[in-house]
Novice: 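Here it is: the structure, laid out below.
A note on names: the letters A, B, ... follow the listed sequences, proteins ahead of strands, and every chain is numbered from 1. Side chains are part of it too, since the values below use all heavy atoms of this structure and drop only hydrogens, waters and symmetry mates.
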2 protein chains.
Amino acid sequence: MDEVLNLAKKAKEASKKLAQLSTEQKNRALLKIAQYLEENMEKILTENQKDLAEAKKGGLSPAFIERLTLNEKRILDMAEGVRQVAKLPDPVGEVLGMTRRPNGLVIGQVRVPLGVVGIIYESRPNVTVDAAALCLKAGNAVILRGGKEAFNSNLALVTLMEEALRSEEIPEGAVGMIKTTSRDAANYLMRLNGYLDVLIPRGGAGLIKTVVENSTVPVIETGVGNCHVYVEEDADLEMAERIIINAKCQRPAVCNAMETLLVHEKIAPVFLPQIGKALKENGVEIRGCEVTRRYIPDALPATEEDYYTEFLDLILAVRVVRDLDEAIAHITKYGSGHSEAIVTRDYFKARRFTEEVDAAAVYVNASTRFTDGFEFGFGAEIGISTQKLHARGPMGLKELTTTKYVIYGTGQIRG
Amino acid sequence: MDEVLNLAKKAKEASKKLAQLSTEQKNRALLKIAQYLEENMEKILTENQKDLAEAKKGGLSPAFIERLTLNEKRILDMAEGVRQVAKLPDPVGEVLGMTRRPNGLVIGQVRVPLGVVGIIYESRPNVTVDAAALCLKAGNAVILRGGKEAFNSNLALVTLMEEALRSEEIPEGAVGMIKTTSRDAANYLMRLNGYLDVLIPRGGAGLIKTVVENSTVPVIETGVGNCHVYVEEDADLEMAERIIINAKCQRPAVCNAMETLLVHEKIAPVFLPQIGKALKENGVEIRGCEVTRRYIPDALPATEEDYYTEFLDLILAVRVVRDLDEAIAHITKYGSGHSEAIVTRDYFKARRFTEEVDAAAVYVNASTRFTDGFEFGFGAEIGISTQKLHARGPMGLKELTTTKYVIYGTGQIRG
């Protein structure tokens, strides 16, 4: 607790100075971080090996170990990512609007850093560097709490970043890492109102739920994506197939991958055999409704639970629906408000879908896989918000800021 | 619990339809509410009398009873407030930006309603109508949970609003009121993730703290204002006096009133006797630091606690500081991030104050009393946010919305 409180105090102290840094100072520090990462590759890999050895000994899954693994290419990518952040425009100081009131007060709204950002994440060491770089660029101090399985890797990365920042005279405490791996430390962090301005959990549904339920600090929920593609009766079926295969198979383990396919009943007899074949060729297990199984006979039966599930795997639920209304109702009931797509030629159906589906990103005739800060042109991403407050959808640098009103008077008093 | 869950389900159902209503439909409903309020004044006043009788029997304070009291003028004001909301531009549907990506995807960001908004408040019946009108205009369903002392007044108001909405075919559940007055009902509401998109507490520090600590639904903190005015050595002292008297005395019980005065030590010998006299003439009790008491001999000694206190009364803490640095440090330590003002002629000091003071509203040469949705030109106000996520400072209709990305493709898939 003392450790976390101390970190938070230092971060808060640092955040005041960070908010005043020039863009040049922040960029110099970011470039120094990139340089140190490249120059100290050996050190990082050695520490990562310790984590990997533990993980293998502990029998963790190949997918887990894959996410935990660093190699030269991944470290170079991390460094390159930091350089990209240095190139992005500084969000701090942007004036969002300025008005002159009838009484002569000039009221401006200015973008300023959030202050202190907490990130709770799992065992992907690249998040450590990503998150620190984005927070620094937006003028925030950051407190990192990564998964214990990546402890040695994270410590090596944070130590290097601290050295880089020190050499550029960035205030101590700008990047902090919680070194106690107990749950108590994380729980304590979640209740540090007054020190922490926001907490962003990055990881699976379980982690996010824990943070939402235990945190008194404001939280931005990220990531859970139970995404749908709905194929209308008038769809271009070749386009539909292309989009479905991309949305399901290009990278099935990410939040913007499709989890359920909805098909209009009129085209089910034609389209389901076609898409069933294509999906199987791509190694996808199909779990279908009764009608689906009529046209894709070897599909497993879909359960109610399947429609709620973010498989993050080559598994797809398929359901035949009566019409657009039923498709929207299905998405409203089972969806997580992440990314939803319709494939249609019909203008009015497209319009209804975009207006009535309540999600961070609603697509017409495109793959759900585009919901991503880079694909949206933000140049970076700290996560994808599936809640409605503050930020919704991909979050870039702007979403790591807040605003303040600055009011210039000449002695005005209220009447 | 069943009652609250049912309300929430109805509200969620209603919110889908509310999001699709045209501006005209919403405005017609608002005007009908205003009309019903005026036509049913007697009924409202009769119910309010019941609450007032209970409150007097229960020995509640005159200030409390004042806030609880309705009369003809107040009901007319409420109705007029609703008509004003009808006149405001509809925030829903505004396109905040639209870009065409290199791959041909057209990505737009559109303003949409939040969905279901919960308001937990104390015993001011006007909040019932205010909040409902603002939520409706922004396309949200609202669940109201007012103080039990205003139960009969609130029930009368909500019943009238429901009738007005029904006559305009607004979906049932658009305005809901929790009729169980137990704390359990409020606590249950605070954990209704999946139904409630945001919870806004309106009231004193105790209420807000309870909601922040117990809620798993995202909360927007409002209202606590420990506001400062700092008088620099070079200030126009007449202007400073005018601002101080206004910020402290014009309406001491509100969150944007000044609670602590900071004075540069160089002008203390001249300014403190002057301002001490003016404050006393306005009935203000002064609690000063040691130096202050040298120049205002009958001031009480200020305690550490006083500097943290939002008096909401004709009480003022006064402290002499060495310089701008010490003033900013004081505000950083004791302030609540609401509204802070400097009185100065110096350009560079003004600039430093606006940049280094971390608050929702930072003033140069004006009274803190202007932090208000109406004074800022928003035409309405649902509260003043003192947190940094989603909204900071006065919140109008825009702050009751979120956005979604709408993406128009021609078959794009991710490479």
Novice: Check whether more than 12 heavy atoms from other residues, nucleotides or ligands sit under 6.0 Å from atom NZ of K16(A), and answer yes or no.
Specialist: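 Yes.
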
Novice: Okay, side chain of S215(A), backbone of V212(A): is any donor-acceptor separation there less than 3.5 Å?
Specialist: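 A pair under 3.5 Å: no.
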
Novice: Give, as side chain, backbone, both or neither, the part of V112(A) having an atom under 4.5 angstrom from any heavy atom of chain B.
Specialist: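 The side chain, not the backbone.
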
Novice: Given a strict heavy-atom distance threshold of 4.5 Å, which part of E355(A) is in contact with chain B: side chain, backbone, both, or neither?
Specialist: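 Contact with chain B: backbone and side chain both.
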
Novice: Below 4.5 Å from any heavy atom of chain B, which atoms of L114(A) appear? Answer side chain, backbone, both or neither.
Specialist: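 Both parts, backbone and side chain.
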
Novice: Hey, could you give me the NE2/CD distance between H390(A) and E221(A), rounded to the nearest 0.5 Å?
Specialist: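 Spacing of NE2 (H390(A)) from CD (E221(A)) equals 14.0 Å.
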
Novice: Chain A heavy atoms under 4.5 Å from D372(B): which part of the residue, side chain, backbone, both or neither?
Specialist: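 Answer is side chain: those atoms of D372(B) sit under 4.5 Å from chain A.
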
Novice: Does any donor atom in the side chain of T401(B) or R111(B) lie under 3.5 Å from an acceptor atom in the other side chain?
Specialist: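 Looking only at side-chain atoms, R111(B) and T401(B) do form a donor-acceptor pair, the distance falling under 3.5 Å.
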
Novice: Against chain B, label T410(A) side chain, backbone, both or neither, depending on which of its atoms sit under 4.5 Å from a heavy atom there.
Specialist: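 Backbone of T410(A) only, per the 4.5 Å heavy-atom cut-off to chain B.
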
Novice: With only heavy atoms counted, which part of N103(A) is less than 4.5 Å from chain B, the side chain, the backbone, both or neither?
Specialist: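 Only the side chain of N103(A) comes within 4.5 Å of chain B.
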
Novice: Most heavy-atom pairs under 4.5 angstrom with chain A, which of A360(B), A391(B), G393(B), A341(B)?
Specialist: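 It is A360(B).
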
Novice: Under 4.5 Å, counting heavy-atom pairs only, tell me which of V364(B), I413(B), V406(B), T371(B) racks up the most with chain A.
Specialist: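 Counting heavy-atom pairs under 4.5 Å, the top option is I413(B).
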
Novice: Checking E356(A) against chain B: side chain, backbone, both or neither under 4.5 Å from a heavy atom?
Specialist: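 Contact with chain B is through both the backbone and side chain of E356(A).
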
Novice: Where do R352(B) and D346(B) land on the salt bridge (charged side-chain N to carboxylate O under 4.0 Å, His left out) test, with the steps shown first?
Specialist: CA-CA 10 Å; R352(B) 272 198 59 204; D346(B) 187 296; over 6 Å; no

Novice: Given the options D358(A), L105(A), V219(A), which has more heavy-atom pairs under 4.5 Å with chain B than any of the others?
Specialist: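 Most pairs with chain B among the choices: L105(A).
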
Novice: Measuring heavy-atom distances to chain A, does I243(B) have an atom under 4.5 Å in its side chain, in its backbone, in both, or in neither?
Specialist: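 The answer is both parts of I243(B).
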
Novice: Determine, stepwise, if the pair D234(A) / T344(A) fulfils side-chain hydrogen bond (donor to acceptor under 3.5 Å, both in side chains).
Specialist: CA-CA 6 Å; D234(A) 55 52; T344(A) 186; 2.7 Å; yes

Novice: Quick check for you: among E213(B), M239(B), Q412(B), which has the greatest number of heavy-atom pairs under 4.5 Å with chain A?
Specialist: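 The candidate making the most pairs under 4.5 Å is Q412(B).
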
Novice: Would N246(B) and S367(B) count as having a side-chain donor-acceptor pair, cut-off 3.5 Å?
Specialist: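 Yes, because at least one side-chain N or O of N246(B) sits under 3.5 Å from a partner of the opposite role on S367(B).
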
Novice: Counting only heavy atoms closer than 4.5 Å, note whether L389(A) contacts chain B via side chain, backbone, both or neither.
Specialist: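 Both backbone and side chain.
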
Novice: Could you have a look at T403(A), N365(A), D197(A) and say which one has the most heavy-atom pairs with chain B under 4.5 angstrom?
Specialist: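 That would be N365(A).
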
Novice: Say whether, by atom type as modelled, one donor and one acceptor occur between the side chain of N140(B) and the main chain of G115(B) under 3.5 angstrom.
Specialist: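 Checking the backbone N and O of G115(B) against the side chain of N140(B), a donor-acceptor pair under 3.5 Å is found.
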
Novice: How close do Y308(B) and K333(B) get, heavy atom to heavy atom, and via which atoms?
Specialist: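 In this case the closest contact between Y308(B) and K333(B) is OH-CE, 3.6 Å.
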
Novice: Measuring heavy-atom distances to chain B, does Q109(A) have an atom under 4.5 Å in its side chain, in its backbone, in both, or in neither?
Specialist: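 Neither part, no heavy atoms under 4.5 Å.
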
Novice: Spell out, as yes or no, whether a donor-acceptor pair under 3.5 Å connects the side chain of K388(B) to the backbone of P113(A).
Specialist: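 No, K388(B) side chain to P113(A) backbone: no donor-acceptor pair under 3.5 Å.
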
Novice: Need one label for A359(A): side chain, backbone, both or neither, based on atoms under 4.5 Å from any heavy atom in chain B.
Specialist: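 Backbone only.
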
Novice: Where on N214(A) is there a heavy atom nearer than 4.5 Å to chain B: the side chain, the backbone, both, or neither?
Specialist: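 Looking at N214(A), nothing touches chain B.
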
Novice: Give the minimum heavy-atom separation between G396(A) and I382(A), together with the two atoms involved.
Specialist: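 Smallest heavy-atom distance, with atoms named: O-CG2, 4.4 Å.
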
Novice: Check each atom of S339(A) against the heavy atoms of chain B and say whether the ones under 4.5 Å are side chain, backbone, both or neither.
Specialist: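 Neither the backbone nor the side chain of S339(A) comes within 4.5 Å of chain B.
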
Novice: Is there a donor-acceptor pair closer than 3.5 Å between any side-chain N or O of T368(B) and the backbone N or O of C227(B)?
Specialist: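 No.
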
Novice: Shortest non-hydrogen contact from G373(A) to P394(A)?
Specialist: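 Looking at all heavy atoms of both residues, the closest pair is N-CB, 3.5 Å.
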
Novice: Name the member of E375(B), R242(B), Q387(B) that forms the most heavy-atom pairs with chain A at distances under 4.5 Å.
Specialist: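 Highest number of pairs under 4.5 Å: E375(B).
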
Novice: Identify which part of R101(A) has an atom lying under 4.5 Å from any heavy atom of chain B, answering side chain, backbone, both or neither.
Specialist: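 Side chain of R101(A) only, per the 4.5 Å heavy-atom cut-off to chain B.
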
Novice: Compute whether any side-chain donor of one residue and acceptor of the other, for Q250(A) and R369(A), lie under 3.5 angstrom apart.
Specialist: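 A pair is found: one side chain offers a donor N or O, the other an acceptor, under 3.5 Å apart.
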
Novice: May I ask you to name which of G415(A), G337(A), A350(A) has the most heavy-atom pairs under 4.5 Å with chain B?
Specialist: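 Option with the top pair count is G415(A).
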
Novice: Let me know if A361(A) has heavy atoms under 4.5 Å from chain B in its side chain, its backbone, both or neither.
Specialist: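 Both parts, backbone and side chain.
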
Novice: Using non-hydrogen atoms and a 4.5 Å limit, figure out which bit of R251(A) sits close to chain B: side chain, backbone, both or neither.
Specialist: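 Interface part for R251(A): neither.
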
